[in-house]
Amino acid sequence: MPRAIISPSVLASDFGQLTAECKRMIKGGAEWLHMDVMDGHFVPNITMGAPILSCVHKGIPDIFMDCHMMVAQPEKWVNDIADAGGALYCFHIEATSDPISLIKSIRGRNMKAGVAISPDTPSTAITDEIGKEADMLLVMTVYPGRGGQKFIERCVPKVAELRARFPDKDIEVDGGVGPKTIDVCADAGSNVIVAGTAIFGAEDPEQVIQTLKNTVNQAQAKIAAAK
């Protein structure tokens, strides 16, 4: 299974100090930063776009921006996000009619391609062809559009279903994940963990990041031993 990666969600950060907040997370052990891009169409909220990502990238040139595109027409923004320094472009399967072409255009701009499913979308929406082409699969454990929601446990079996079909893929969970909910996600086979409030709101973010990573590593060791 792929390695454990913790990707703090900047949606829970102080946007007025965004670059400093990202640096604080990297210093605390985060390898990726989860950037929630919302357009007010696919989801009701509006957050940030390419100009803000570009500023963060300028301040932290080697940052790995895990860009979660909660946008209608995700095809439109590939070039802008690539130019802004995005490292991974994750679009929602519900927002496009041609995911394979979109994955190819993302890859054509030297970004990794991710495919996300919302809570009411079955894991089968990610066909074998789409799953093989993508670099990462994201299972939402809250409804996309705003931070601070309660973890939806009924989404977790989708992680296990995708892990069974794609044993070597990065599988990310996003929404309401923290020390209290990490176990079920890790046991189901998720290796990329998005956490917002649980990390940014913690007195010791470094400790939370390490706890999440340790839990994934322990779950992976248990899964490997059971084979």
Side-chain angles (χ1 to χ4, degrees), residues 7-19 21-22 25 32-56 65-84 86-99 102-103 105-106 111 113-126 130 134 136-156 158-159 171-178 181 185 190 192-201:
S7 186
S9 172
V10 304
L11 195 60
S13 73
D14 176 356
F15 270 32
Q17 310 285 332
L18 192 51
T19 300
E21 290 276 73
C22 290
M25 292 298 117
W32 293 10
L33 268 296
H34 189 80
M35 319 300 276
D36 285 304
V37 178
M38 305 182 193
D39 66 348
H41 295 284
F42 181 70
V43 291
N45 258 350
I46 295 172
T47 50
M48 59 179 133
I52 288 175
L53 299 185
S54 187
C55 291
V56 173
M65 288 195 285
D66 163 23
C67 303
H68 181 189
M69 306 300 295
M70 288 174 266
V71 298
Q73 298 179 279
E75 300 81 5
K76 276 174 62 177
W77 308 107
V78 173
N79 285 328
D80 284 358
I81 297 299
D83 290 343
L88 188 151
Y89 189 105
C90 184
F91 63 90
H92 272 260
I93 195 86
E94 305 90 357
T96 183
S97 57
D98 190 357
L102 180 49
I103 289 169
S105 76
I106 293 164
M111 292 187 289
V115 182
I117 51 173
S118 293
D120 297 335
T121 303
S123 64
T124 49
I126 296 176
I130 294 167
M136 188 188 79
L137 308 173
L138 165 57
V139 174
M140 290 294 293
T141 44
V142 297
Y143 286 93
R146 58 188 174 84
Q149 294 179 68
K150 196 168 181 283
F151 182 77
I152 304 171
E153 194 151 347
R154 67 176 167 80
C155 299
V156 174
K158 292 192 278 187
V159 176
I171 297 181
E172 184 174 69
V173 285
D174 175 15
V177 183
T181 50
C185 300
S190 177
V192 184
I193 308 299
V194 176
T197 314
I199 296 177
F200 279 97

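Computed from a predicted model, the values in this text were never measured in an experiment. In this chain, numbering begins with 1 at the start of the sequence shown.
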Contact check, side chains of [X] and [Y], non-hydrogen atoms, under 4.5 Å:
{"X": "L137", "Y": "E172", "result": "no"}
{"X": "F91", "Y": "V71", "result": "no"}
{"X": "I81", "Y": "M111", "result": "yes"}
{"X": "V142", "Y": "M140", "result": "yes"}

Testing the basics here: between [X] and [Y], what is the closest heavy-atom pair and its distance to 0.1 Å?
{"X": "V10", "Y": "C22", "result": "CG1-SG, 3.9 Å"}
{"X": "S190", "Y": "V159", "result": "N-CG1, 3.6 Å"}
{"X": "K158", "Y": "S123", "result": "CD-N, 3.8 Å"}
{"X": "A84", "Y": "M65", "result": "O-CE, 3.5 Å"}
{"X": "P119", "Y": "P144", "result": "CD-CD, 4.0 Å"}
{"X": "S9", "Y": "D36", "result": "OG-OD2, 2.9 Å"}

Supply the atom-to-atom distance [X] [atom1] to [Y] [atom2], rounded to the nearest 0.5 angstrom.
{"X": "Q73", "Y": "S97", "atom1": "CD", "atom2": "OG", "value": "10.0 Å"}
{"X": "Y89", "Y": "M136", "atom1": "OH", "atom2": "CE", "value": "13.0 Å"}
{"X": "M48", "Y": "C67", "atom1": "CE", "atom2": "SG", "value": "8.5 Å"}
{"X": "C90", "Y": "H34", "atom1": "SG", "atom2": "NE2", "value": "7.5 Å"}
{"X": "I52", "Y": "T19", "atom1": "CD1", "atom2": "OG1", "value": "10.0 Å"}
{"X": "F200", "Y": "S13", "atom1": "CZ", "atom2": "OG", "value": "4.5 Å"}

Which residues share a side-chain contact (heavy atoms from CB on, under 4.5 Å) with [X], sequence neighbours left out:
{"X": "T47", "result": "L11, M38"}
{"X": "I93", "result": "P99, V115, I117, T121, A125, I130"}
{"X": "T124", "result": "P122"}
{"X": "S105", "result": "V78, L102"}

Indicate yes or no for a side-chain donor-acceptor contact from [X] to the backbone of [Y] under 3.5 Å, with no hydrogens or angles considered.
{"X": "D174", "Y": "V194", "answer": "no"}
{"X": "E21", "Y": "D14", "answer": "yes"}
{"X": "T141", "Y": "F151", "answer": "no"}
{"X": "T96", "Y": "D98", "answer": "yes"}
{"X": "E94", "Y": "S118", "answer": "yes"}
{"X": "D39", "Y": "A72", "answer": "yes"}

**Report entry** Pairing residues for W77 by the ring-ring contact (aromatic ring centres under 6.0 Å, His included) criterion, not counting sequence neighbours
**Finding:** none
Requested in this report: Could you tell me which residues satisfy ring-ring contact (aromatic ring centres under 6.0 Å, His included) with H92, sequence neighbours excluded, listed by chain and number?
Outcome: F42, H68
Requested in this report: Check side chain to side chain donor-acceptor pair (under 3.5 Å) between T181 and all other residues, then give those that pass, not counting sequence neighbours.
Outcome: none
**Report entry** Intermediate values then yes/no, side-chain contact (heavy atoms from CB on, under 4.5 Å), D120 and R154
**Finding:** CA-CA 10 Å; D120 297 335; R154 67 176 167 80; 3.2 Å; yes
Query - Where at least one partner belongs to residues 66-83, residue pairs that pass salt bridge (charged side-chain N to carboxylate O under 4.0 Å, His left out), sequence neighbours excluded - result: D83-R109
